[in-house]
Amino acid sequence: MLFRAFCLVLLVFVAPVQAYADALTRAMLAGLSGSERLRQFTLGQATLQHRDDPRLRAAMRSSLQETGFYFAGSGPAVLSRQFRWSPVLSYDANINGGFLNDQFDIFGLAFEVDPARRALSGVVAGLRGAGDLRLGYGEGRYLDLRGSLEAVWSPEHGIGRGQAGFEACARNHLRGWTFADVCVTGARSWRSLSSTTTATASLRFAHLVETGTSEHEFSAGVTRYFQDPGPQNALSFGWTAVWNRATTGVDLTLAAPVAGETAMRHRLSANATWLWGTRPVSVGIWQQVADGGLFLGAARADRVQGLSLTVRPRADMAVEFVHQVTDSTINLFDENRMGINLRFDLR
């Protein structure tokens, strides 16, 4: 039902309209897609149609410089670097990593969850920092290094949570508008009742094409997940597009089972972003299925569906509303949660 509604909304924005079918208009929208390559590709198409515009030529040259296409050195060179920090303010339905339900049934027996293990909700506030470093090592080839750290505190409950992560990606131009990325990531989260550590290694290929009234990035890759239940392999497919009045994205992940563990088996997500006046508005939906494990001897399978809405009342602030529902064969893990996040950019 969520995906049907999403598709109906999407048709309104991607339907061809001649008045908007100019590459320059799409180049202005492409930055909302979240893909640097798609933005660069769309900017290139606009430059071909408007060769006499010096602003477009300067923007395209700057984009090529940032992605190493003017690299001529004999060793790694810094292409860009930045650090940004921002305050965090949000409503968290599970600050401590506990159970959202206070009781559950299994095999006809009723059980009550220890009050000390139940989820605590409320407003949290804190600080987030993130840094990026880009090193060029060949023409159209560069290394992206990223790190982030976040810590928040709940005055109501006197507890906090934190998370840290890093990503290192070697991004390589192959031929034309075809690319290959090799990435490793790691993340660690801390809550008073649970802590998790994950890591991934992935290989991803991307290819970009133009259809006359839209630009598209198609991608496919393989990922190896390293996590507490055990390693897991997955295939991923992506499609991101810039249309006349909006950008869209669809991602599909298909994962192998993890013996004896409840693990994600597939995930499908979609998003659309457009301008409301001069401010971006984004809608996202997702569905995920996990299965393969047991809980107290009973088979467990979880289906998660979610919806998000993000608006930017100011250029340096985003407000995100999230609603997510989990339907599990073990009702202890059923969830129906809502959240509100305020994100600031104070770079």
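Nothing here was measured: the structure is a model prediction, and the numbers come from that model.
- For the residue pair Q227 and T197, no side-chain donor N or O sits within less than 3.5 Å of a side-chain acceptor on the partner.
- The line from CD of Q82 to OG of S80 is 7.0 Å long, rounded to the nearest 0.5 Å.
- Residue V242 is not grouped with residue V209 when hydrophobic side chains (ILVMFWY) are merged at heavy-atom distances under 4.5 angstrom, including chains of intermediate members.
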Quick one: do H323 and F321 satisfy side chain to side chain contact (heavy atoms under 4.5 Å, CB included)? Show the steps, please. CA-CA 7 Å; H323 182 218; F321 304 89; over 6 Å; no
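- Listed for the E320 side chain is no donor-acceptor partner under 3.5 Å among the backbone atoms of I340.
- The shortest non-hydrogen separation linking I95 to R191 is O-NH1, 3.3 Å.
- The two residues N96 and A119 come nearest to each other via the heavy atoms OD1-CA, 3.4 Å.
- For the side-chain hydrogen bond (donor to acceptor under 3.5 Å, both in side chains) with W243, the qualifying choice from T25, T248, T213 is T248, the only one to do so.
- Two different hydrophobic clusters hold L208 and L48 under the rule that ILVMFWY side chains link at heavy-atom gaps under 4.5 Å.
- Between R343 and D316, none of the side-chain N atoms (NZ, or NE/NH1/NH2) sits under 4.0 Å from a carboxylate O, so this pair counts as no salt bridge.
- Separating the CZ atom in F295 from the OG atom in S328 is a distance of 9.5 Å, to the nearest 0.5 Å.
- Residue A27 comes nearest to L43 through the heavy atom pair CB-CA, 4.2 Å, listed as atom of the first residue, atom of the second, then distance.
- W177 and E210 share no donor-acceptor pair across their side chains, judged by distance under 3.5 Å alone.
- When ring centroids are compared, H207 and F218 stay outside the 6.0 Å threshold.
- M60 CE: more than 12 foreign heavy atoms inside a 6.0 Å radius.
- Here L143 sits in one hydrophobic cluster together with V78, L133, L135, Y137, L145; the rule is ILVMFWY side chains under 4.5 Å apart, joined directly or through other members.
- Checking side-chain atoms of T247 against main-chain N and O of A30 turns up no donor-acceptor pair under 3.5 Å.
- F41 is not listed as a side-chain neighbour of E36, based on a closest heavy-atom distance of 4.5 Å or more.
- For the residue pair T185 / T200, a side-chain donor-acceptor distance below 3.5 Å is found, with atom types taken as modelled.
- With respect to the salt-bridge test (charged N to carboxylate O, under 4.0 angstrom), the residues D92 and R161 qualify.
- Considering all non-hydrogen atoms of both residues, S90 and N341 come closest at CB-OD1, 2.8 Å.
- Clustering ILVMFWY residues whenever any of their side-chain heavy atoms sit less than 4.5 angstrom apart, transitively, puts V281 in the very cluster that holds I285.
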Q324 vs W286, test: side chain to side chain contact (heavy atoms under 4.5 Å, CB included). Steps then yes/no. CA-CA 9 Å; Q324 180 170 288; W286 59 92; 3.1 Å; yes
Mind running side chain to side chain contact (heavy atoms under 4.5 Å, CB included) on L127 and V88 for me, showing each step along the way? CA-CA 5 Å; L127 194 65; V88 177; 5.9 Å; no
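- Using a 4.5 Å cut-off on side-chain heavy atoms (C-beta onward), P313 and R279 make no contact.
- Heavy atoms of other residues, nucleotides or ligands lying less than 6.0 angstrom from CZ of R224 number more than 12.
- In this structure, R51 has no salt bridge (charged side-chain N to carboxylate O under 4.0 Å, His left out) partners at least two apart in sequence or on a different chain.
- With a 6.0 Å cutoff to the six-membered ring centre and a 45° limit on the axis angle, R141 does not count as a cation-pi contact of F71.
- Nearest heavy-atom pair across V113 and N101 is CG2-O, 3.5 Å.
- Side-chain contact of S282 with T273: a donor-acceptor pair under 3.5 Å is present, judged by distance alone.
- Note: the hydrophobic cluster containing V319 also contains V283 (ILVMFWY, side chain heavy atoms under 4.5 Å, direct or indirect links).
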Verdict with reasoning, Q40 to F69, per side chain to side chain contact (heavy atoms under 4.5 Å, CB included): CA-CA 12 Å; Q40 184 180 78; F69 281 99; 4.0 Å; yes
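- Judged by distance alone, the side chain of Q45 and the main-chain N or O of A23 form no donor-acceptor pair under 3.5 Å.
- L174 approaches A180 most closely through the heavy-atom pair CD1-CB, 3.9 Å.
- To the nearest 0.5 Å, atom OH of residue Y70 and atom CG of residue L64 are 5.0 Å apart.
- For the residue pair D302 / T326, no side-chain donor-acceptor distance below 3.5 Å is found, with atom types taken as modelled.
- Between the CG atom of L29 and the CG atom of L24 there is a distance of 10.0 Å, given to the nearest 0.5 Å.
- The side-chain tip of R300 points at the ring of F333 from less than 6.0 angstrom away and within 45° of straight on.
- Under the 3.5 Å distance criterion, with hydrogens and angles disregarded, no donor-acceptor pair is assigned to the side chains of S86 and R128.
- Both L203 and F237 are members of a single hydrophobic cluster when ILVMFWY side chains are connected at heavy-atom separations under 4.5 Å.
- Atoms OG1 and CZ, on T240 and R37 in that order, are 12.0 Å from each other to the nearest 0.5 Å.
- A 4.5 Å side-chain heavy-atom check between H173 and T178 finds every atom pair outside the cut-off.
- Looking at R204 and E217, a side-chain N of the basic residue comes within less than 4.0 Å of a carboxylate O on the acidic one, giving a salt bridge.
- The line from CG of D181 to CG of D144 is 8.5 Å long, rounded to the nearest 0.5 Å.
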Should E112 and R118 be marked as a salt bridge (Lys or Arg N to Asp or Glu O under 4.0 Å) after you check the CA-CA gap, both sets of side-chain angles, and the distance that decides it? CA-CA 10 Å; E112 187 170 339; R118 296 175 186 171; 3.2 Å; yes
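- One finds no salt bridge joining R267 and D251 here, because no Lys/Arg side-chain nitrogen approaches an Asp/Glu carboxylate oxygen to under 4.0 Å.
- Residues D327 and R303 are not paired through a salt bridge, judged by the lack of any N-O separation under 4.0 Å between the basic side chain and the carboxylate.
- A salt bridge between E66 and R134 is absent, with no side-chain N of the basic residue lying under 4.0 Å from a carboxylate O of the acidic one.
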